[in-house]
There are 2 protein chains.
Amino acid sequence: MPARKTNPDFMTGVPELLILRLLSTREMYGYEIVQAIETASGEAIKLGEGVVYPALHALEEQGCLKSRRKPVNGRTRVYYIATAVGKKRLSDLTGEWRRITDAVAGIVTGAKHATV
Amino acid sequence: MPARKTNPDFMTGVPELLILRLLSTREMYGYEIVQAIETASGEAIKLGEGVVYPALHALEEQGCLKSRRKPVNGRTRVYYIATAVGKKRLSDLTGEWRRITDAVAGIVTGAKHATV
DNA sequence: GTATCATACCTTACAGTTCAAGGTATGCAA
DNA sequence: TTGCATACCTTGAACTGTAAGGTATGATAC
């Protein structure tokens, strides 16, 4: 009852942003993304597979990603990469992310907003 | 149907953080907080009353805030201010906020994490 | 030969959050 | 007396991430 949060602070929308960012450069598969984010964030962000797979499916359905199956060592991987739509989306999301975080930083840092 | 979002990106936990920040310095009332955040954020962040009032009540119940009723011009306002517990909470939240946003910035900016 | 682990994909139940929209009531201006 | 800004509050809806589970393969260890 000490307020157990299932949707942790400051994480909403972050998975989508990071996934689009990673896939805007090169082709990757789900399991790889999970670990890439963990590594690239210095362990600060760990996305479960329950976040990544549904996100990939949703993004593909929206036309932001396209996928292809590729057999590797007898095992099949599903590789995703961002489409033009996905890159546009990434650009929009990045701008939104900056807008919000800059605004929050301004207030939290006490910089108020100038001699008000 | 184009994916209407009710829980906008990057806003989870932000109201709590901002409210605690404002009330860590001086006493304020709900309606005032709504407008203060709008102004201080340069219109970037606008919290509805449906977000602020429930948040105030929850924070008070958790011991993070304390309130007192104060009549002003025949109208009654409920002023809130952060307690020691609330300041501790603010400190924790701020740290968490930095951790997440720094990590995201690192990836989005393409700085990956090489050569850190 | 079989137990276990890492890989690799996937789904579901749950809980918490914000938003939008509504509701009450006062004081002041037109 | 109509309307608006103030000032408080609640409810329903929708979305999101988490945790936990489920399937199946290949490699490693015993």
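Just so we're on the same page: letters track the sequence lines, and every chain starts at 1.
Distance, Met11(B) CE to dC19(C) C1': 10 Å, rounded to whole Å. In this structure, Ile19(B) atom CD1 and dT17(C) atom P are separated by 12 Å, rounded to whole Å. Atom pair Leu56(B):CG and dC8(D):P shows a separation of 9 Å (rounding to whole Å applied). With rounding to whole Å, Tyr79(A) atom OH is found 14 Å from dT7(C) atom P. Separating the CG atom of Asn73(A) from the P atom of dC9(C) is a distance of 13 Å, rounded to the nearest angstrom. Atom CD1 of Ile37(A) is separated from atom C1' of dG17(D) by 13 Å (rounded to the nearest Å). In this structure, the CG atom of Leu17(B) is 15 Å from the C1' atom of dT18(C), given to the nearest Å. The nearest whole Å value for the distance from the CZ atom in Arg68(B) to the C1' atom in dC8(D) is 17 Å.
Nearest to the side chain of Gln35(A), among dT7(C), dG27(C), dC19(C), sits dT7(C). Candidate nucleotides dC19(C), dC8(D), dC9(C) were compared by shortest atom distance to the side chain of Glu49(A), and dC9(C) ranks first. Among the nucleotides dG26(D), dT6(D), dT10(D), the one closest to any side-chain atom of Tyr53(B) is dT10(D). Considering only side-chain atoms of Pro54(B), the nucleotide from dT6(D), dT10(D), dC9(C) that sits closest is dT10(D). Checking dT18(D), dC10(C), dC19(C) against every side-chain atom of Tyr80(A), the shortest atom distance belongs to dC10(C). Of all nucleotides listed (dA8(C), dT18(D), dC8(D)), dC8(D) comes nearest to the side chain of Tyr31(B). Checked against dT11(C), dT10(D), dT6(D), the side chain of Arg77(B) finds its nearest nucleotide in dT6(D).
A distance-only check finds no donor-acceptor pair linking the side chain of Thr76(A) to the backbone of Lys70(A) [under 3.5 Å]. Judged purely by atom type and a 3.5 angstrom limit, Arg68(B) has no side-chain atom pairing as donor or acceptor with the backbone of Val78(B).
Heavy-atom distances to DNA chain D give each of Gly48(A) and Arg75(A) a nearest nucleotide, and the one nearer the 5′ end belongs to Gly48(A).
Base engagement by Gly50(A) is indicated by at least one non-hydrogen atom pair under 4.0 Å involving a base atom.
Taking CD1 from Ile33(B) and CG from Leu47(B), the interatomic distance works out to 9.5 Å, rounded to the nearest 0.5 Å. In this structure, CD in Glu96(A) is found 9.5 Å from OG1 in Thr101(A), a value given to the nearest 0.5 Å.
Distances shown here put every side-chain N or O of Tyr29(B) at or beyond 4.0 Å from the OP1 or OP2 atom of dC8(D). For dC8(D), the OP1/OP2 oxygens have no side-chain nitrogen or oxygen of His57(B) closer than 4.0 Å.
Glu32(B) has no carboxylate O lying under 4.0 Å from a charged side-chain N of Arg77(B), or vice versa, which leaves the two without a salt bridge.
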